[in-house]
Structure formats: C-alpha cells, structure tokens
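So you know, we letter chains A, B, ... as the sequences are listed, proteins then strands, and number each from 1. As the structure is a prediction and not an experimental result, all values here were calculated from the model.
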Number of protein chains: 2
Amino acid sequence: MSRAFGDYVRKRREALREEDDAFSVRQVAQRIGVEPSFLSKVERGETAPPSEAKIVALAEELNEDPDVLLALAGKVSSDLQEAIRKRPELFATLIREMKGMPDHAVLRLVREVRDGKW
Amino acid sequence: MSRAFGDYVRKRREALREEDDAFSVRQVAQRIGVEPSFLSKVERGETAPPSEAKIVALAEELNEDPDVLLALAGKVSSDLQEAIRKRPELFATLIREMKGMPDHAVLRLVREVRDGKW
DNA sequence: TGTAGTATGTACTACTTAGTACACATTGTC
DNA sequence: GACAATGTGTACTAAGTAGTACATACTACA
C-alpha cells in the first residue's frame, strides 16, 4: 500500500499546526467527523484512505484541492464520474485522446473551453 | 436498484440469439467466466452489475461499447480514472466545464482534438 | 505531581462486493 | 419417454470498505 495520501496529509497538517494548535490529529479528526485513531492510522498509511466525503472535508480543513487529495487516495470525484457516465462515448474518447498530450496542451484546451470559445 | 444495465444486456443478448443459439444465458455466462445463475440474476436486476472485467468481457461478447455498458452499470473505466488521477486539477476543471455544454459542442471538441489541432 | 492534551495500539464490527455451488422445473427433440 | 439444454431459486462465502470504542503511553506545564 502506497502511503502517498497519508504522508501528504500529515505534512500538510503539521505545517498548518506550526501556526495553529487546532491542527492536532484529535481536533482535525473531530472536525471532519472521524475518530482520532482512525485519522492517525490513515496518516501513517496503516489503513486505506477514508471515504470521498471525509476526504473532501479534510481537503477543506487543510485548504487543499479536493480533486488532488482524492487523486492521491486513488479516487475520482463522484460528480466527475457522473458527468462521464452521462456521455460515455464522448468523454471516453476525449480523455483517452488527451491522456497522451503534454500538460500545456491540456491547459490550453481548458482555457479555450473556459473562455467560451465553444 | 435501477435495472437499466440488466435490461439492456438481456435485450441485446436476446436479439443476438435470434440469429444464434450460442447466446443463451448459460453459454454467454460460460464465455465471460461467471455462473449462469449469476448472469441471470444480473439481467433481471436482482444483483448488482458485475465487476469491470466481466462487464468488458460481456461488451465484447455482445458487440457493444464497453464504456456505455460500464456507464449503465454506474461505473467508469479504470483507465479513464487513472488518466484523471494523474492530472486531477486539469481534468477536473475541463470535465466540469464541459458537463454543461451540449453534445454537439463536446463532439466538435473531440474531433478537433483527434484531428491533431492541439 | 497531577492533570490536560496528544498520538497511537488493539480489538471489534456492520455493510458491501462479487461472486460460487447446486438443485429444480421447464421445454425441445430424437 | 428419455435426454439434453435452458433459465432460475436458494444458500452460502471470502475479501474488502469504512470505520468505532476503548486502552495505553508520552509530553507540557502550573
């Protein structure tokens, strides 16, 4: 089991803690709605990452992008999955086409789409 | 539990069966590597759709687009998920932007990308 | 020195996933 | 009328998911 998720969360939490004691395992656990022992195990990679809902809560707590945290946990946000499931051929083709493209090309595309050229 | 997946599979299998007796529940089940009773229950929606691997095998068997079948089963192909997880911010933004767009716009985009304009 | 807060260890559990194994009743066919 | 093939009902299960509950051990500080 890769510990990328746990390591990342722990580092981020401890960084925030330098400035604010409220970022202890216990307090963060309580705010996201899990037992401290569970969060501890997650951070140490002893247990698989939590559910999507808890990961999103954690991302908010740590001021991180939920999609990035979900990715580290090996998941994809359910709203993205739903969007794909609604038009599977279209999105499947597009994503497979783009997965071989460099970041800057994808980024350019994102911007064009966002700027309403479509 | 919605039975969209099972209904679709059953219809498709029975259509193929008009032409070819090899498309019985038993024989298809054997070819995709499950018990006939399991496929039967799946088609009648009595059990949740099978795993991704079996769905893909079934799609091949039925000459259907695996992404469509996966979508009916409420799933997204793991290779697409992996592509998203590798660049979560980029893909998340793009997909969320596109989910509100009409089909023809998405299709145009797919074609532009495929035709190497990027 | 006691007590408040902190992290972690241990044990357990309810639910879900993804099926198998086998028996049974029906239908076609030789 | 036997035999083969078909679809389905019933019972079961191994592994994974997503945690809880409580006990223990350490640290700071008043």
Worked verdict on B/Glu46 versus B/Lys41 for salt bridge (Lys or Arg N to Asp or Glu O under 4.0 Å): CA-CA 5 Å; B/Glu46 208 187 292; B/Lys41 278 186 293 188; 5.5 Å; no
Test side-chain contact (heavy atoms from CB on, under 4.5 Å) applied to B/Arg10 and B/Phe5, step by step: CA-CA 9 Å; B/Arg10 170 144 295 190; B/Phe5 179 81; over 6 Å; no
Under 3.5 Å: donor-acceptor pair, side chain of A/Glu97, backbone of B/Val110: no
Pairing of A/Glu64 and A/Arg12 as salt bridge, 4.0 angstrom limit: yes
Members of residues 33-41 of chain A that approach DNA chain C, where some heavy atom sits under 4.0 Å away: A/Pro36, A/Ser37, A/Ser40, A/Lys41
Side-chain (A/Gln81) to main-chain (A/Val76) donor-acceptor, under 3.5 angstrom: yes
Non-hydrogen atoms of B/Gln27 and B/Asp21 that approach each other most closely: NE2-O, 3.6 Å
Donor-acceptor under 3.5 Å (B/Arg44 side chain, B/Ser40 main chain): yes
Near-strand residues of residues 9-19 of chain A, defined as heavy-atom separation under 4.0 angstrom from DNA chain D: none
Interface residues of residues 21-28 of chain A with DNA chain C (non-hydrogen, below 4.0 angstrom): A/Ser24, A/Val25, A/Arg26, A/Gln27
Span of DNA chain D, from the first to the last nucleotide whose atoms fall under 4.0 Å of chain B heavy atoms: D/dT6 to D/dA11
Heavy-atom closest contact (B/Val25 atom, B/Pro36 atom, distance): CG1-O, 3.5 Å
Pick out the pairs of N or O atoms, protein on one side and nucleotides 27-30 of chain C on the other, that lie under 3.5 Å.
none

Which atom of B/Ser24 lies closest to which atom of B/Arg17, heavy atoms considered: CB-NH2, 3.6 Å
Smallest separation among heavy atoms of B/Val42 and B/Pro50, with atom names: CG1-CD, 3.9 Å
A/Arg26 side chain to A/Glu35 backbone, donor-acceptor under 3.5 Å: no
Any A/Arg108 side-chain heavy atom under 4.5 Å of A/Pro102 side chain: no
Euclidean distance, B/Ser51 OG relative to B/Lys75 NZ, rounded to 0.5 Å: 6.5 Å
B/Arg13 charged N/C atom sitting above B/Tyr8 aromatic ring, 6.0 Å / 45°: no
Rounded distance (nearest 0.5 Å) linking atom CD1 of B/Ile95 with atom CD1 of B/Ile84: 4.0 Å
Residue-level proximity of residues 51-62 of chain A to DNA chain C when a heavy atom falls under 4.0 Å: none
Ring-face cation of B/Arg96 near B/Phe91 (centre distance under 6.0 Å, axis angle within 45°): no
Donor-acceptor contact present, side-chain A/Lys54 to main-chain A/Val34, <3.5 Å: no
